[in-house]
Peer 1: 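Take this structure, written in structure tokens, and hold onto it; I'll ask about it next.
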Amino acid sequence: MRQAGRYLESYRKVRAKHNVLTICKTPKLSAKVTLDAARELEVDAAILFADIMLPLEGVGVEMKIVDGLGPRIEHPVRNEGAIGNIALFDPEEHVPHVLETIRLVKSGLADSVPVIGFSGAPFTLASYLVEGGPSRDFAETKKMMYDQPDLWNRLLTQLSEMVSSYLIAQVRAGVDAVQLFDSWSGILSPVDYEEFVLPFTRKIFDRLEGKAIPRIHFGVGTAGILKVMRKAGGEVYGVDWRISIDEAWRVLGDVGIQGNLDPATVLGTWSLIEKRSREILERIGGRPGHVFNLGHGVLPETQPEQLKKLVKFVQLTTKKRR
Ligand code: CP3
């Protein structure tokens, strides 16, 4: 995550001239930053440069992405009227730039390097819409969930339809895997996740069933809800560093797992980075179905050289095991 980001010189050059949304909406630029990052790091997969807010921006939700903070919504969505104002989503009409970026990225990459498409999940998208921006306690979101469950259902139904058709359009445009980012779902108790979120994430994974591409389900701080999240389906679960990866895998059972180095580790000495990465690989013990990555986005303070060294280290260590 944030494979392309401010820690990379090539990205900073593009970013000096354009804001994040403009880069995302200009296929030549977003394809360039996607490809530059994948090539510079020599990672095994490229992740599409986009933002989870794009489909919402496409249907007319006014927003900015504020440096160091994240999305900020001009008019938070807290009632029936505001939900009704969100247009029904049509990928070709509302996010043609994302689909074009995918085509450009695919044609610029060797066939051996897969491209991961993604979408925000309904809960995480709803949290930005309802709060109006990032939040610590998600009080407004939970208030709608607990106090106006019909409204919550209506909002999440609309968002899950949007997410399903967005991901299906990305598959048609050529992505090789899809990742559903439910970044903030770890704020929920298992019962609340099951009652207020699971039906919607499950619907999205169901709609992608039979598309013959891996579905990755990611969240932050999800150690306590992995068991219920797992009911949503998907082939791979992304976990952060707050849980040992072998323990997470035990809880999840027979699915692939992605993770889970703390991105801040990469700010440390090489010997610390190597030690922590080796520990993860040892906990995995060569079991097939592990995707090594950071438990969340690359931090802007990261030295690209350290990250490149980490990529090489993991590739060499896992090759030896195979
Ligand atoms: O290379 C890649 O990984 C693809 C790029 C990517 C971006 N956003 C571009 C971006 C991805 C995968 C996202 C997803 C995204 N966006 C998520 C889900 C994943 C996660 O991190 O949990 C969320 C919650 C968002 C919302 C968002 N957009 C946040 C929280 C921020 C950070 C604000 C900041 O300045 O730190 C953004 C802005 C953003 N989107 C950046 C990037 C690379 C930050 C860099 C910049 O300002 O240029």
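Just so it is clear, the values below take in all heavy atoms, side chains as well, and ignore hydrogens, waters and symmetry mates. Read the numbers this way: they start at 1 and go in the same order the structure lists the ligands and their atoms.
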Peer 1: Answer with side chain, backbone, both or neither: which part of Leu69 has a heavy atom less than 4.0 angstrom from an atom of ligand 1?
Peer 2: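 The part of Leu69 near ligand 1 is the backbone, not the side chain.
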
Peer 1: Hey, any chance Ile187 and Trp241 share a hydrophobic cluster, counting ILVMFWY side chains that come within less than 4.5 Å of each other, even indirectly?
Peer 2: no

Peer 1: Provide, to 0.1 Å, the distance between atom 43 (C) of ligand 1 and the closest protein heavy atom, together with that atom's residue and name.
Peer 2: Ala4 O, 3.4 Å

Peer 1: Taking only heavy atoms of Leu48, which atoms of ligand 1 are found under 4.0 Å from at least one of them?
Peer 2: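 So the answer, numbered in order with elements, is 4 (C).
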
Peer 1: In terms of hydrophobic clustering (I, L, V, M, F, W, Y; side-chain heavy atoms under 4.5 Å; direct or indirect links), are Leu310 and Val291 co-clustered?
Peer 2: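 Not linked; separate clusters.
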
Peer 1: Consider only side-chain N and O atoms of Asp262 and Thr265, and report whether a donor and an acceptor are under 3.5 Å apart.
Peer 2: no

Peer 1: Within this structure, what is the CD1-OH distance for the pair Ile52 and Tyr166, rounded to the nearest 0.5 Å?
Peer 2: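 It comes to 10.0 Å.
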
Peer 1: So that I know where these two stand, are Phe118 and Phe218 an aromatic pair - ring centroids less than 6.0 Å apart?
Peer 2: no

Peer 1: Looking at ligand 1, is there an atom of it that comes within less than 4.0 Å of some heavy atom belonging to Gly68?
Peer 2: yes

Peer 1: Taking atom types as modelled, find out whether Ser10 and Glu40 have a side-chain donor-acceptor pair closer than 3.5 angstrom.
Peer 2: yes

Peer 1: Would you please determine whether Asn19 falls within less than 4.0 Å of ligand 1 on a heavy-atom basis?
Peer 2: no

Peer 1: May I ask whether Gly297 has any heavy atom positioned less than 4.0 angstrom from an atom of ligand 1?
Peer 2: no

Peer 1: Using a strict 4.0 Å cut-off to heavy atoms of His296, name the atoms of ligand 1 that fall inside it.
Peer 2: 20 (C), 21 (O), 22 (O)

Peer 1: Are the charged groups of Lys309 and Glu274 less than 4.0 angstrom apart, N to O?
Peer 2: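 Salt bridge: no.
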
Peer 1: Give every residue pair that meets the side-chain hydrogen bond (donor to acceptor under 3.5 Å, both in side chains) criterion with at least one member in residues 106-127, sequence neighbours excluded.
Peer 2: Lys106-Asp176, Thr124-Asp182

Peer 1: To which residues is Leu267 joined in a hydrophobic cluster, defined by side-chain heavy-atom contacts under 4.5 Å among Ile, Leu, Val, Met, Phe, Trp and Tyr, whether direct or through other members?
Peer 2: Leu299

Peer 1: Atoms of ligand 1 less than 4.0 Å from Ser183 heavy atoms?
Peer 2: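 By the 4.0 Å cutoff, the relevant atoms are 18 (C), 19 (C), 20 (C), 22 (O), 24 (C).
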
Peer 1: Just going by heavy-atom distances, which of Asp51, Leu8, Ile47 is nearest to atom 40 (N) of ligand 1?
Peer 2: Asp51

Peer 1: Return the closest protein heavy atom for atom 11 (C) of ligand 1 as residue, atom name and distance.
Peer 2: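 The answer is Phe118 CZ, 3.6 Å.
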
Peer 1: Please verify the inter-ring angle class for Phe89 with His94; under 30° counts as parallel, over 60° as perpendicular, anything in between as tilted.
Peer 2: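 The arrangement is parallel - the two ring planes meet at less than 30°.
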
Peer 1: Between Glu42 and Gln315, does any side-chain donor sit less than 3.5 Å from a side-chain acceptor?
Peer 2: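 There is no such pair between these side chains.
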
Peer 1: Taking heavy atoms and a distance under 4.0 Å, where does Met53 meet ligand 1: side chain, backbone, both or neither?
Peer 2: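 The answer is neither; Met53 stays 4.0 Å or more away.
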
Peer 1: For the residue pair Trp184 and His296, categorise the inter-ring angle as parallel (less than 30°), tilted (30 to 60°) or perpendicular (more than 60°).
Peer 2: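 Judged by the thresholds at 30° and 60°, the geometry between Trp184 and His296 is perpendicular.
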
Peer 1: Are any of the N or O atoms of Arg2 closer than 3.5 Å to those of ligand 1?
Peer 2: yes

Peer 1: Which ligand 1 atoms, with their elements, are less than 4.0 angstrom from a heavy-atom of Tyr11?
Peer 2: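 Listed by number with element, the hits are 43 (C), 45 (C), 46 (C), 48 (O).
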
Peer 1: Are Glu247 and Arg283 within salt-bridge range, i.e. N to O under 4.0 Å?
Peer 2: no

Peer 1: Hey, which atoms in ligand 1 end up nearer than 4.0 Å to a heavy atom of Asp67?
Peer 2: 35 (O)

Peer 1: Within the 4.0 Å heavy-atom shell around Val20, which atoms of ligand 1 are there?
Peer 2: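 Heavy-atom distances to Val20 below 4.0 Å select 40 (N), 46 (C), 47 (O), 48 (O).
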
Peer 1: Distance under 4.0 Å to a non-hydrogen atom of Ile65: what atoms of ligand 1 satisfy this?
Peer 2: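 Taking each heavy atom of Ile65 in turn, ligand 1 has 37 (C), 38 (C) under 4.0 Å.
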
Peer 1: For ligand 1, which atoms, with element, lie under 4.0 Å from some heavy atom of Gly70?
Peer 2: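 Answer for ligand 1: 29 (C), 31 (C), 33 (C).
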
Peer 1: Out of Thr34, Ile52, Val14, indicate the one that has the non-hydrogen atom closest to atom 15 (C) of ligand 1.
Peer 2: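 That would be Ile52.
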
Peer 1: Using heavy-atom distances only, which candidate in Arg6, Gln3, Arg15 approaches atom 44 (C) of ligand 1 most closely?
Peer 2: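 The option holding the nearest heavy atom is Arg6.
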
Peer 1: Please state which part of Ala50 comes within less than 4.0 Å of ligand 1, counting heavy atoms only: side chain, backbone, both or neither.
Peer 2: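 It is the backbone that touches ligand 1; the side chain stays farther off.
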
Peer 1: Counting heavy atoms only, which of Pro134, Ala46, Pro71 is nearest atom 26 (C) of ligand 1?
Peer 2: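 Of the listed residues, Pro71 has the closest heavy atom.
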
